[in-house]
Each structure stands twice: as structure tokens, then as C-alpha cells.
Amino acid sequence: LKPGGANIPVTEKNKKEYIERMVKWRIERGVVQQTESLVRGFYEVVDARLVSVFDARELELVIAGTAEIDLSDWRNNTEYRGGYHDSHIVIRWFWAAVERFNNEQRLRLLQFVTGTSSIPYEGFASLRGSNGPRRFCV
């Protein structure tokens, strides 16, 4: 992670730096080979000039498409923690706000919270996190 790092103990003082370097390594270097293979394969199918006009969010929408969010499916497949429950006033406010959103705003909320605006084919019951199946959680 850093020159001579194997000989540097992790302490409270350098813990933040260690975590930042570890995350960067895992994201950037830990999957380099897989990412390069994916990109090579992608560009074999899609001309790079066509892709260059999109930002990351637009490209995701082009590839995955946009789906109409089924609000009752979303709500029925949400779990609550920290003392919250479906009838808690804050949760009622949350769902009331989401009900007033248009589909684009709902997709943006979903992307903000989960990192993706795509909904699994099977619906919110099959939502996945970075380490496996993971329900939407408030």
C-alpha cells in the first residue's frame, strides 16, 4: 500500500490513511485484471466513439434501461433498523415524499442509496449489495 508499509504498525494516528489506501487498492488494483477484461470485451461489441458522448450515469441508463419503479414492491421489500418501523412517523414521511417523486426522481434516490438505478428483474426482493443479496434498508 505504501513503501515500507509492512513495517509500519497501524495505530489510531495512521488508521485513516491505512483505510483510505486499502480501499483505493481494493477498488483500483484489486480488480484491475477483471476490469481490463471487461472493458476490452465491451469495446469489442461497442465502438468507443459512441460511448464517449455519455457520462457514467447516462451510460448506465443506456445499458440497463430505465424501469418504472413499483412503489408497493419497494415498500414491501424494505427493512427498518434503529427503532424505525413501517408505521413510524419518519418512515411515513419518507414514503409520502417518495410517492410524490416522479419515476426519474425515484431512480435517482435508488441510485444514491444503492449505487445503481437498475432494478432486478425479480423486483426489490432480489436487490443485491456489494456482498450478496441485500434488502433496501432505512
Chemist: Going by salt bridge (Lys or Arg N to Asp or Glu O under 4.0 Å), name the pairs with one or both residues in residues 3-16, residues two or more places apart or in two chains.
Modeler: E12-K15, K16-E20

Chemist: Quick one: side chain to side chain contact (heavy atoms under 4.5 Å, CB included) partners of V98, sequence neighbours excluded?
Modeler: L71, W74, F94, W95, F101, R106, L109

Chemist: Once salt bridge (charged side-chain N to carboxylate O under 4.0 Å, His left out) is applied, do any residues pair with R100, and if so which ones, sequence neighbours excluded?
Modeler: none

Chemist: Identify, with sequence neighbours excluded, every residue that meets side-chain hydrogen bond (donor to acceptor under 3.5 Å, both in side chains) alongside N77.
Modeler: D73

Chemist: Decide whether L38 and V45 are clustered together by the hydrophobic rule: side chain heavy atoms of Ile, Leu, Val, Met, Phe, Trp, Tyr closer than 4.5 Å, transitively.
Modeler: no

Chemist: Can you run down the salt bridge (Lys or Arg N to Asp or Glu O under 4.0 Å) pairs that involve residues 88-98, sequence neighbours left out, and say none if there aren't any?
Modeler: none

Chemist: For residues R75 and S72, determine if any side-chain heavy atom of one lies less than 4.5 Å from a side-chain heavy atom of the other.
Modeler: no

Chemist: Tell me if the OH atom of Y18 is crowded by more than 12 foreign heavy atoms within 6.0 Å.
Modeler: no

Chemist: To the nearest 0.5 angstrom, please state how far the CG atom of L127 sits from the CZ atom of F136.
Modeler: 8.5 Å

Chemist: Locate the shortest heavy-atom distance separating L50 from F54; write the atom from each residue and the value.
Modeler: O-CE1, 3.5 Å

Chemist: Taking side-chain hydrogen bond (donor to acceptor under 3.5 Å, both in side chains) as the test, write out the residues that go with D47, two or more places apart.
Modeler: R49

Chemist: Can you sort out the partners of I8 under side chain to side chain contact (heavy atoms under 4.5 Å, CB included), two or more places apart, ordered by chain and number?
Modeler: K2, N14

Chemist: Please list, chain by chain and in numerical order, all residues satisfying side-chain hydrogen bond (donor to acceptor under 3.5 Å, both in side chains) with R135, sequence neighbours excluded.
Modeler: none

Chemist: Which pair of heavy atoms, one from H88 and one from G83, lies closest together, and at what distance?
Modeler: CD2-O, 3.9 Å

Chemist: Could you list the residues that satisfy ring-ring contact (aromatic ring centres under 6.0 Å, His included) with Y43, not counting sequence neighbours?
Modeler: none

Chemist: Taking salt bridge (charged side-chain N to carboxylate O under 4.0 Å, His left out) as the test, write out the residues that go with E44, two or more places apart.
Modeler: none

Chemist: Taking ring-ring contact (aromatic ring centres under 6.0 Å, His included) as the test, write out the residues that go with F42, two or more places apart.
Modeler: none

Chemist: Give the intermediate values and the outcome of side chain to side chain contact (heavy atoms under 4.5 Å, CB included) for residues R26 and V23.
Modeler: CA-CA 5 Å; R26 294 233 174 174; V23 168; 5.8 Å; no

Chemist: Please name the pair of heavy atoms, one in D86 and one in I91, separated by the smallest distance, quoted to 0.1 Å.
Modeler: O-CG2, 3.8 Å

Chemist: Please list, chain by chain and in numerical order, all residues satisfying side-chain hydrogen bond (donor to acceptor under 3.5 Å, both in side chains) with S52, sequence neighbours excluded.
Modeler: none

Chemist: Which pair of heavy atoms, one from Y80 and one from Y84, lies closest together, and at what distance?
Modeler: CB-O, 3.2 Å

Chemist: Atom CD1 in I19, atom CE in M22: separation rounded to 0.5 Å?
Modeler: 9.5 Å

Chemist: Given side chains that start at C-beta, do those of N76 and F124 come closer than 4.5 Å, heavy atoms only?
Modeler: no

